[in-house]
2 protein chains.
Amino acid sequence: MDLKSTPARDAILCFLKSSKSPVDVEQIIEYLRSNNLNTNKVTVYRNIERLYKDGEVERLEFGEGKFRYELKKNHHHHLICTGCGKIEEVEGDFLNKMEEEIYRTGGFKVKNHVLEFYGLCRKCQIKN
Amino acid sequence: MDLKSTPARDAILCFLKSSKSPVDVEQIIEYLRSNNLNTNKVTVYRNIERLYKDGEVERLEFGEGKFRYELKKNHHHHLICTGCGKIEEVEGDFLNKMEEEIYRTGGFKVKNHVLEFYGLCRKCQIKN
DNA sequence: TGACAAATGCAACTAAGTTGCATATAATTC
DNA sequence: GAATTATATGCAACTTAGTTGCATTTGTCA
């Protein structure tokens with residue numbers, strides 16, 4: 001027997017699908033509450049952990065001292081606006097060359113990487 | 001009156017100088033204890049926070065659910081071995097082009113980025 | 001419909017980091 | 001070298017993020 005379909009798990013996946021930027025556990029709980037699913041935080045932690053380990057969601061850090069999650073999809077990076085906190089996505093992988101060189105020069109075999117950009121979105125540039 | 005030179009702060013800086021990879025608060029406290037500086041964790045948190053805000057140290061995350069710190073120096077990235085946990089440094093900034101393109105195509109002005117590589121160091125590749 | 005693994009809820013816990021407040025200590029000035 | 005004062009420290013208590021143990025419930029499958 002494998003992954004079961006339960007109201008909590010379904011709702012979490014549904015929320016992740018509808019979210020435009022990575023969400024934290026608190027946001028998931030809020031979503032469940034607002035949909036009248038009285039869920040315990042432990043359930044959320046266990047579900048998200050399971051989804052993460054099964055490779056269905058991505059676990060991210062943005063210097064907040066907590067994790068954020070998003071559905072796994074095409075490889076991409078994030079643009080985090082330090083003005084308004086908005087998180088956008090950017091595609092593109094410029095790092096193949098760099099990873100090849102790392103292997104060539106030092107023998108370290110890169111399996112994956114974390115690359116996030118911090119700066120100001122267009123709106124926040126205008127504000128200042 | 002600005003930053004004071006105190007035994008705790010001096011020792012923390014000394015430890016950071018001698019560390020070859022980013023350290024966490026626990027390691028700093030251990031270091032202080034082993035040097036007979038009976039220090040409170042609050043002191044360590046406040047000192048490291050101050051050093052971080054003053055731009056003297058870098059605050060890093062490696063998916064551990066806590067922060068690590070290192071003295072600020074030349075811009076570089078890290079190679080984190082998921083086998084043994086060893087953290088090496090790599091220099092080089094391949095991202096200028098990418099950041100220019102991000103600005104050109106979407107107007108997002110990148111101020112800084114986080115780029116870390118996860119994989120296997122030479123030794124751990126052999127082990128498996 | 002019974003069986004059983006998987007999921008949940010609760011309470012209690014850990015780990016990382018923070019806050020308030022009283023005390024101590026560098027550094028500056030006289 | 002003592003007085004001053006901003007800065008730093010220590011303690012206790014707290015918060016926030018995440019975990020664990022255990023008893024109960026719920027999907028799923030045969």
Side-chain angles (χ1 to χ4, degrees), chain A residues 1-16 19 21-70 85 87 114, chain B residues 1-16 19 21-70 85 87 114:
Chain A
M1 208 175 288
D2 215 46
L3 211 67
K4 287 203 297 197
S5 161
T6 65
R9 178 161 301 155
D10 295 349
I12 291 170
L13 278 168
C14 172
F15 181 50
L16 288 169
S19 300
S21 34
V23 301
D24 61 25
V25 168
E26 206 186 338
Q27 289 173 306
I28 297 174
I29 291 170
E30 270 167 36
Y31 173 83
L32 295 172
R33 291 250 163 81
S34 72
N35 282 53
N36 299 316
L37 262 158
N38 67 324
T39 316
N40 192 282
K41 65 171 181 164
V42 182
T43 300
V44 177
Y45 275 109
R46 283 198 272 231
N47 269 296
I48 204 79
E49 181 73 14
R50 180 73 200 266
L51 292 166
Y52 169 61
K53 287 202 170 143
D54 289 355
E56 287 201 64
V57 307
E58 206 82 55
R59 164 181 276 168
L60 307 158
E61 281 173 312
F62 298 108
E64 303 168 299
K66 69 182 169 189
F67 293 107
R68 286 184 176 272
Y69 302 88
E70 68 179 9
I87 300 175
V114 169
Chain B
M1 208 176 288
D2 214 46
L3 212 67
K4 288 203 297 196
S5 162
T6 65
R9 178 161 302 155
D10 295 350
I12 291 170
L13 278 167
C14 172
F15 181 50
L16 289 169
S19 300
S21 35
V23 300
D24 60 26
V25 168
E26 206 187 337
Q27 290 173 304
I28 297 173
I29 290 170
E30 270 167 36
Y31 173 83
L32 295 172
R33 291 250 163 80
S34 71
N35 282 53
N36 299 316
L37 262 159
N38 68 322
T39 316
N40 193 281
K41 65 170 183 167
V42 182
T43 300
V44 176
Y45 275 109
R46 283 198 271 230
N47 269 296
I48 205 78
E49 181 74 13
R50 180 73 201 267
L51 291 166
Y52 168 62
K53 286 201 169 141
D54 289 354
E56 287 200 63
V57 307
E58 206 82 56
R59 165 182 275 169
L60 307 158
E61 281 174 313
F62 298 108
E64 303 168 299
K66 69 182 169 190
F67 293 107
R68 286 183 176 271
Y69 302 87
E70 67 179 10
I87 301 174
V114 169

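So that the names make sense, note that chain A is the first sequence line, chain B the second, and so on, each numbered from 1. We use all heavy atoms of the structure for the numbers below, so side chains are in, but hydrogens, waters and symmetry mates are not. Predicted model, so just to flag it, every value in this text is computed and none were measured.
Put simply, CZ on A:R9 is 13 Å from C1' on D:dT28, counting in whole angstrom units. Between the P atom of C:dT25 and the CG atom of B:L37 lies a distance of 13 Å, rounded to the nearest Å. For the pair A:I12 CD1 and C:dA6 P, the interatomic distance rounds to 18 Å; values are reported in whole Å. Atom P of nucleotide D:dA8 and atom NZ of B:K53 are separated by 13 Å, given to the nearest angstrom. The separation between A:D54 atom CG and C:dA7 atom C1' is 14 Å, rounded to whole Å. Computed from coordinates, the A:E64 CD to D:dG18 C1' distance equals 15 Å when rounded to whole Å. B:L3 places its CG atom 10 Å from the P atom of C:dA27, with the value rounded to the nearest Å. Rounded to an integer number of Å, the gap from CD of A:E26 to P of D:dT16 is 8 Å.
With respect to B:I12, the side chain to side chain contact (heavy atoms under 4.5 Å, CB included) criterion is satisfied by exactly one of B:V25, B:V57, B:I28: B:I28.
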Filtered N/O pairs between nucleotides 19-26 of chain D and protein, under 3.5 Å:
unit_1, atom_1, unit_2, atom_2, d
D:dT26, O2, A:K4, NZ, 2.8

- [ ] Mind running side-chain contact (heavy atoms from CB on, under 4.5 Å) on B:I87 and B:E70 for me, showing each step along the way?
- [x] CA-CA 12 Å; B:I87 301 174; B:E70 67 179 10; over 6 Å; no
TODO: Kindly indicate, with the supporting measurements, whether the criterion side-chain contact (heavy atoms from CB on, under 4.5 Å) is fulfilled by B:D24 and B:E64.
DONE: CA-CA 10 Å; B:D24 60 26; B:E64 303 168 299; 5.9 Å; no
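Taking the six-membered ring where tryptophan is involved, the planes of A:Y31 and A:F15 are essentially parallel, since the angle between them stays under 30° and well short of 60°.
For B:T43 and D:dG10, the shortest distance from a side-chain N or O to OP1 or OP2 is below 4.0 Å.
Mapped onto DNA chain C by nearest heavy atom, B:S5 and B:D24 fall at different nucleotides, with B:D24 at the one closer to the 5' end.
Counting only heavy atoms from C-beta outward, the side chains of B:V23 and B:L16 approach each other to under 4.5 Å. Residues A:R9 and A:L3 have side chains in contact (heavy-atom distance under 4.5 Å, counting atoms from C-beta outward).
Residue B:D10 is classed as having no contact, given no heavy-atom separation below 4.0 Å to the nucleic acid. Within the 4.0 angstrom heavy-atom criterion, only backbone atoms of the sugar-phosphate kind lie near B:N47; the bases stay farther away.
Comparing D:dG10, D:dA17, C:dA6 by their closest approach to the side chain of A:K66 singles out D:dA17.
Between A:E49 and A:R59 there is a salt bridge, since a side-chain N of the basic residue sits under 4.0 Å from a carboxylate O of the acidic one.
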